[in-house]
Every structure is written in structure tokens, then in C-alpha cells.
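Model, not experiment: these values are computed from the prediction.
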Amino acid sequence: MGRKDKKGISEKQEACHKLNFLHQASHAVLAINPDNVAMSRYYASTMKEIARKLVYKLDPSIKRKICKYCHVVLVPGVTATVRLRRKREKHIVVKCLCCKKMKRYLCRPGHVLWSERNMSSVENRQNEKNDPEIKKGQKPQKVNTGL
């Protein structure tokens, strides 16, 4: 684990606090003054840089709010336009107004993000390795705790 300082907060918790602060600050700067895109961009790029250095995976909802190319916080109507398209398959198109790049997100009715699933495939693999009773190809049974 990480070292603890005098207050008892580990380095990983401190990093999470920094990332949370930078994310909130980048949104607050745009909320106060929509013309101050440069400061918001600086906070968002710093947040992504810290997460990259610490090998910390950002939540997909946070990743979707930041432009991958110019690091601007994507706020509909201020720094981005959002459209719903029905070509091929129904999808949402988010276009950054600073760099003009587009992101597309499919809108499937039963789609659940990997990070939001109840039990990810990585956890399944770890359970198979740790539990000798589970045979290869057989999925572990889910236990209902009643909570």
C-alpha cells in the first residue's frame, strides 16, 4: 500500500482528492466565466497528466466530459454541441467547438459500460484462479446476500 503521512491519509487518497479538485475547478471556471476556456483547459490537462503519471484510471463519465485532443471541458452550448443522429445506428455526436473534433457514442438500449457491470471479467478470472472447484469455461455462481 502507500505510505501514510502524519494525518493518516495515504498517497492514493491524496491523489484522488487532487483529481477531484481539478475536475471541479475546471467546471467551476467555465460556470463563472464561459470565456475563460484557457484556465479550464489547464486544470483538465493537469488532471489527466496526474492520473497518467500515477497510472490511475479515470471514470468513463469523466473521460467523456473532457476533449481528448485539446483537453477542454465539454459543456453543451458553451464548448461543445451535442446532436442525436440516426444514421446506421442511433448515436450521440459531441463536437468540440475549440478543435472541431467529434466523439460518437452508441445508444443501445441494453448497453452497460464495463466499469458499471456488477462483476467484471477481470474479477471473474481472479475468482477462477483462486477457486479450484470452478472448472474452466464454467461461470461462477452469484450469491444473493439479501441486502
Does a side-chain heavy-atom distance below 4.5 Å link [X] with [Y]?
X: I50; Y: L22; value: yes
X: S45; Y: K48; value: no
X: C67; Y: C99; value: yes
X: L97; Y: T81; value: yes

Flag, side chain of [X] to backbone of [Y], donor-acceptor distance under 3.5 Å:
X: T79; Y: V73; answer: yes
X: S40; Y: V37; answer: no
X: R41; Y: C70; answer: yes

Distance check, rounded to the nearest 0.5 Å: [X] atom [atom1] versus [Y] atom [atom2]?
X: I66; Y: K103; atom1: CD1; atom2: NZ; result: 8.0 Å
X: R104; Y: K87; atom1: CZ; atom2: NZ; result: 9.5 Å
X: L54; Y: C16; atom1: CG; atom2: SG; result: 9.0 Å
X: Q24; Y: Y43; atom1: CD; atom2: OH; result: 12.5 Å
X: M39; Y: I32; atom1: CE; atom2: CD1; result: 11.0 Å

_Can you list everything that forms a salt bridge (charged side-chain N to carboxylate O under 4.0 Å, His left out) with R52? Sequence neighbours excluded, please._
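Per chain and number, R52 pairs via salt bridge (charged side-chain N to carboxylate O under 4.0 Å, His left out) with E49.
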*Residues two or more places apart in sequence or in another chain: which of them pass salt bridge (charged side-chain N to carboxylate O under 4.0 Å, His left out) with R86?*
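Once residues adjacent in sequence are excluded, R86 has no partner under the salt bridge (charged side-chain N to carboxylate O under 4.0 Å, His left out) criterion.
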